[in-house]
Peer 1: 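To start, I am sharing the structure in question, which I have written as structure tokens.
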Protein chains: 2
Amino acid sequence: MTSTQPTPPASITNVAALANVSIATVSRVLSGKRDKDDDIARRVRAAAAELNYCVNHAASTLRSDVTNTIGLVIPSATNRLSAQLLGELEPTLCAYGRRLALGIGHTAQEQATRIEALAAQGLDGLIVVPANASDLPASLERLTERIPIVQVGGQQSSYRSFMIAIDDTAAMETTMRHLADAGVHSVAYLAGDRISFDSAELFAMFHTQIRAFDMFTKSSWNQFGERTVQRGFHCAMQLFGITADLPKRGLAHMRPQALVCCDDSVAIGAMTAIESLGLTIPDDVRVVGDGDSLMALSTTPTLTSLRPPVHRIVTESLRLIDSGTIDPVRIVLPKQLVIRDSTAGDAVHDQA
Amino acid sequence: MTSTQPTPPASITNVAALANVSIATVSRVLSGKRDKDDDIARRVRAAAAELNYCVNHAASTLRSDVTNTIGLVIPSATNRLSAQLLGELEPTLCAYGRRLALGIGHTAQEQATRIEALAAQGLDGLIVVPANASDLPASLERLTERIPIVQVGGQQSSYRSFMIAIDDTAAMETTMRHLADAGVHSVAYLAGDRISFDSAELFAMFHTQIRAFDMFTKSSWNQFGERTVQRGFHCAMQLFGITADLPKRGLAHMRPQALVCCDDSVAIGAMTAIESLGLTIPDDVRVVGDGDSLMALSTTPTLTSLRPPVHRIVTESLRLIDSGTIDPVRIVLPKQLVIRDSTAGDAVHDQA
DNA sequence: TTGTAAGCGTTATCAG
DNA sequence: CTGATAACGCTTACAA
């Protein structure tokens with residue numbers, strides 16, 4: 001059989017004919033509005049399978065106003081959090097037979113345009129990662145009445161839509177506990193941007209945890225700075241360069257036994273420096289990054305890092321969207337510590 | 001006026017009523033099937049604007065089989081090329097009022113599933129970046145008859161669909177010309193994976209260009225290896241560590257005046273090493289990366305890098321999709337050299 | 001529980 | 001060139 005013309009997709013009518021029922025029954029069986037699993041249901045499903053039938057999304061949407069489409073608006077496809085979120089959301093939606101409508105807006109203005117365009121076509125819900133870590137454009141307030149909107153991250157200063165915040169400070173506690181459990185007594189922290197509120201808050205949390213776990217640090221060890229490889233390298237050189245030749249035990253007050261970094265880039269720079277000084281990771285120094293970038297997997301040793309809770313963000317976003325609730329809800333999710341080789345094993349006990 | 005209920009979107013009927021014409025005329029005017037710009041056309045457009053009318057995508061698709069949707073299937077959202085492509089495609093489609101349907105498949109199998117699912121809903125065209133740098137699953141051959149498919153990158157060994165290949169070797173020529181123009185006489189190359197065919201081809205092209213521009217290199221300078229920061233650091237240490245204290249002129253045969261890297265990560269590691277040895281970039285050594293990652297913008301100095309021709313890939317893909325051609329076409333596009341500070345200015349002329 | 005039929009908003013056909 | 005109308009494939013109210 002060499003059919004020269006491509007077969008047109010089967011419609012509900014074809015399925016109904018093959019199963020010897022009406023199209024209404026087919027619709028009900030396949031959409032689950034009829035739970036009995038009798039002969040009719042089986043016949044319908046068999047016919048649908050044989051014809052490789054898929055419901056026509058356009059027709060379904062047109063009739064029922066249920067679009068089975070979730071919108072995602074992100075500031076940039078190369079933004080790490082956005083890409084991770086996208087990578088998590090797409091398979092989840094696909095698994096439930098829903099579609100993803102993507103919008104990219106580098107500025108609040110562009111995002112507003114994209115959101116209007118997406119919403120005009122009907123969406124069951126909208127997830128937005130605001131540009132510039134700000135908030136959703138106020139012009140979109142009225143949209144909230146039509147479709148559920150979830151804002152992920154951003155300023156979250158005033159809110160009407162659903163809000164999901166990523167808790168960095170909780171992750172700091174997890175990180176420090178992990179290090180303490182491994183027997184680490186002294187830690188240095190290469191923090192992020194000096195002027196951001198989040199960085200300052202994290203910096204304070206670091207010191208809180210140092211006290212909580214009875215650890216040691218020095219003010220000269222900890223500093224704000226850029227999120228670059230070079231910065232990590234230079235800081236680690238300063239931290240470990242002088243003491244690298246000293247014996248490797250009993251030094252908890254001379255140099256840190258662990259280094260916590262505000263970003264994987266910084267951590268990788270630091271690892272490079274530490275290694276070049278002849279020190280071993282994790283035996284001499286443990287290193288923790290942030291962001292769980294792909295690079296964290298290709299370092300030697302692989303880098304322990306903090307991962308944005310994208311799985312839970314997606315789960316909770318969809319739960320909120322499907323909940324039908326109208327009241328604003330705020331959810332705070334902690335980053336997840338992904339433990340790899342750069343913090344593996346117990347520390348040498350250096351108390352003489 | 002505090003209207004408590006959200007206004008439902010305007011339909012073509014509302015526009016027709018306001019413009020005092022039939023819905024058929026509205027449809028024709030707005031879809032450009034009627035080119036006259038008379039009073040009727042103006043009235044229709046004014047009415048549409050006033051009611052903030054958008055064509056209902058579902059209804060339009062259902063009736064006309066033109067979906068105004070382009071599918072994009074990528075191996076991963078965090079994959080650099082995929083993200084860059086996505087970032088280029090989305091705004092382009094949006095500008096033409098088209099939608100993007102995204103599918104992520106880490107394996108050829110997953111990609112096939114996603115493509116089937118997307119195609120079942122109707123697509124005007126499909127762009128695929130194959131997983132694992134292989135080819136499109138053969139099971140999709142018959143799809144080619146229904147919708148135009150463009151494969152970007154991958155093996156491209158046998159093809160039926162449209163093919164767009166990224167030409168690395170042409171970029172090597174551009175890179176070497178850029179360095180030669182700046183007065184560089186000796187270059188080292190930190191190549192990629194030893195076993196890949198592409199790496200080997202590039203390695204050969206590097207040597208061809210060395211001869212073409214009458215430059216100098218040494219076999220010990222050039223090596224295959226991982227695409228990591230640490231690898232770049234170590235290689236640069238080897239290349240420049242011994243000669244770093246020597247005077248900075250007249251050394252074209254002792255150490256390379258420029259370093260070409262298979263990846264931005266490698267280049268950043270190398271820059272870190274070069275800098276730590278007291279050498280200056282670009283004055284003492286010029287560095288070129290590959291991939292044009294975001295990191296290339298945050299190094300000091302900023303990193304010259306090769307950018308996949310995502311803009312042209314998108315333009316050509318859409319052109320092929322809209323062309324209506326059925327014959328397989330293969331297009332080869334060169335990477336673009338993005339010149340930044342790591343190769344800026346003229347080299348010191350070191351011929352005594 | 002099942003079938004019949006209306007209707008979602010658009011585009012295409014056809015008559016005027 | 002314009003307008004009336006059918007048809008796209010589906011969901012759902014209503015009738016059987």
Side-chain angles (χ1 to χ4, degrees), chain A residues 7-45 47-48 51-69 97-99 119-124 146, chain B residues 7-45 47-48 51-69 97-99 119-124 146:
Chain A
T7 324
S11 85
I12 198 171
T13 315
N14 306 122
V15 179
L18 186 58
N20 215 21
V21 292
S22 71
I23 60 168
T25 303
V26 173
S27 176
R28 284 188 282 249
V29 168
L30 295 181
S31 67
K33 288 211 164 44
R34 175 188 183 286
D35 31 8
K36 240 199 318 187
D37 188 21
D38 56 2
D39 185 53
I40 290 183
R42 271 191 296 274
R43 252 166 37 219
V44 168
R45 272 192 277 269
L51 296 175
N52 199 17
Y53 170 74
C54 301
V55 293
N56 182 313
H57 186 254
S60 172
T61 298
L62 178 59
R63 180 58 230 247
S64 67
D65 278 343
V66 175
T67 60
N68 272 314
T69 300
R98 293 171 120 166
R99 308 188 88 188
Q121 294 311 331
L123 291 175
D124 292 349
R146 290 212 291 121
Chain B
T7 324
S11 86
I12 198 171
T13 315
N14 306 121
V15 178
L18 185 59
N20 215 20
V21 293
S22 72
I23 60 168
T25 302
V26 174
S27 177
R28 282 188 284 250
V29 169
L30 295 181
S31 67
K33 289 213 162 44
R34 174 189 183 284
D35 30 10
K36 241 200 315 189
D37 189 21
D38 55 3
D39 185 55
I40 289 183
R42 270 190 297 274
R43 249 164 43 216
V44 168
R45 271 191 279 269
L51 296 175
N52 198 18
Y53 170 75
C54 300
V55 291
N56 182 313
H57 187 256
S60 174
T61 299
L62 176 59
R63 181 59 234 246
S64 69
D65 278 345
V66 174
T67 60
N68 273 313
T69 300
R98 291 171 119 167
R99 309 187 89 189
Q121 294 311 330
L123 290 175
D124 292 351
R146 290 213 291 123

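In the text below, chain A, chain B and the rest are named by the order of the sequence lines, each starting its count at 1. Worth saying up front: this structure is predicted, and the values here are computed from it rather than measured. No hydrogens, no waters, no symmetry mates; every other heavy atom, side chains included, goes into these values.
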Peer 1: Just the rounded figure in Å: distance from P of C/dT2 to CG of A/Asp35.
Peer 2: 11 Å
Peer 1: Rounded to whole Å, how long is the line connecting atom CD1 of A/Ile12 with atom P of C/dA5?
Peer 2: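 From A/Ile12 CD1 to C/dA5 P: 16 Å.
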Peer 1: When the distance from CG of B/Asn56 to C1' of C/dT11 is rounded to whole Å, what number comes out?
Peer 2: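 The distance from CG of B/Asn56 to C1' of C/dT11 comes to 12 Å, rounded to the nearest Å.
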Peer 1: Could you report the tightest heavy-atom contact between A/Ile23 and A/Thr13, atom names first, then the distance?
Peer 2: CG2-CA, 3.8 Å
Peer 1: Within the pair B/Thr25 and D/dT2, is there a side-chain N or O less than 4.0 Å away from OP1 or OP2?
Peer 2: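 Answer no for this pair, as no side-chain N or O of B/Thr25 is under 4.0 Å from OP1 or OP2.
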Peer 1: By the definition side chain to side chain donor-acceptor pair (under 3.5 Å), identify the one residue from A/Arg43, A/Lys36, A/Arg42 that meets it with A/Asp39.
Peer 2: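 Only match with A/Asp39 under side chain to side chain donor-acceptor pair (under 3.5 Å): A/Arg43.
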Peer 1: Look at the side chain of A/Gln121 and the backbone N and O of B/Val55, then say whether any donor-acceptor pair between them is shorter than 3.5 Å.
Peer 2: yes
Peer 1: B/Leu30 CG to C/dT10 C1': how many Å, rounded?
Peer 2: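 For the pair B/Leu30 CG and C/dT10 C1', the rounded distance is 12 Å.
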Peer 1: Heavy atoms from C-beta onward define the side chain here; which of C/dT2, D/dG9, C/dT11 lies closest to that of B/Leu62?
Peer 2: D/dG9
Peer 1: Specify the residue among A/Thr13 and A/Arg28 whose closest nucleotide of DNA chain D lies further upstream toward the 5′ end.
Peer 2: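 In this pair, the answer is A/Thr13.
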Peer 1: Distance check, rounded to the nearest 0.5 Å: B/His57 atom NE2 versus A/Thr69 atom OG1?
Peer 2: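 Here the rounded value is 10.0 Å.
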Peer 1: Mind calculating the distance between CG (B/Asp65) and C1' (D/dG9) to the nearest angstrom?
Peer 2: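 So the CG-C1' distance, B/Asp65 to D/dG9, works out to 11 Å.
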Peer 1: Is any side-chain N or O of B/Ser60 closer than 4.0 Å to OP1 or OP2 of C/dT11?
Peer 2: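 Yes.
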Peer 1: Does the side chain of A/Leu30 reach to within under 4.5 Å of the side chain of A/Arg45, using non-hydrogen atoms?
Peer 2: yes
Peer 1: Could you report the tightest heavy-atom contact between B/Val26 and B/Ile12, atom names first, then the distance?
Peer 2: CG1-CG1, 3.5 Å
Peer 1: A/Ser11 side chain N/O closer than 4.0 Å to the phosphate oxygens (OP1, OP2) of D/dG9?
Peer 2: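 Negative; the distance criterion is not met.
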Peer 1: Strictly below 4.0 Å: does B/Arg34 bring a side-chain N or O up to OP1 or OP2 of D/dT2?
Peer 2: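 It does, given that an N or O in the side chain of B/Arg34 lies less than 4.0 Å from OP1 or OP2 of D/dT2.
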Peer 1: Between the base of C/dG9 and the side chain of A/Arg63, is there a donor-acceptor distance below 3.5 Å?
Peer 2: no
Peer 1: At what distance, to the nearest 0.5 angstrom, does CG of A/Asn68 lie from CG of A/Leu123?
Peer 2: 11.5 Å
Peer 1: Taking only heavy atoms on the protein side, list every residue of residues 17-24 of chain B lying under 4.0 Å from any atom of DNA chain D, sorted numerically.
Peer 2: B/Val21, B/Ser22, B/Ala24
Peer 1: Can a side chain N or O of A/Lys33 be found less than 4.0 Å away from OP1 or OP2 on D/dT12?
Peer 2: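 The answer is yes; a side-chain N or O of A/Lys33 sits under 4.0 Å from OP1 or OP2.
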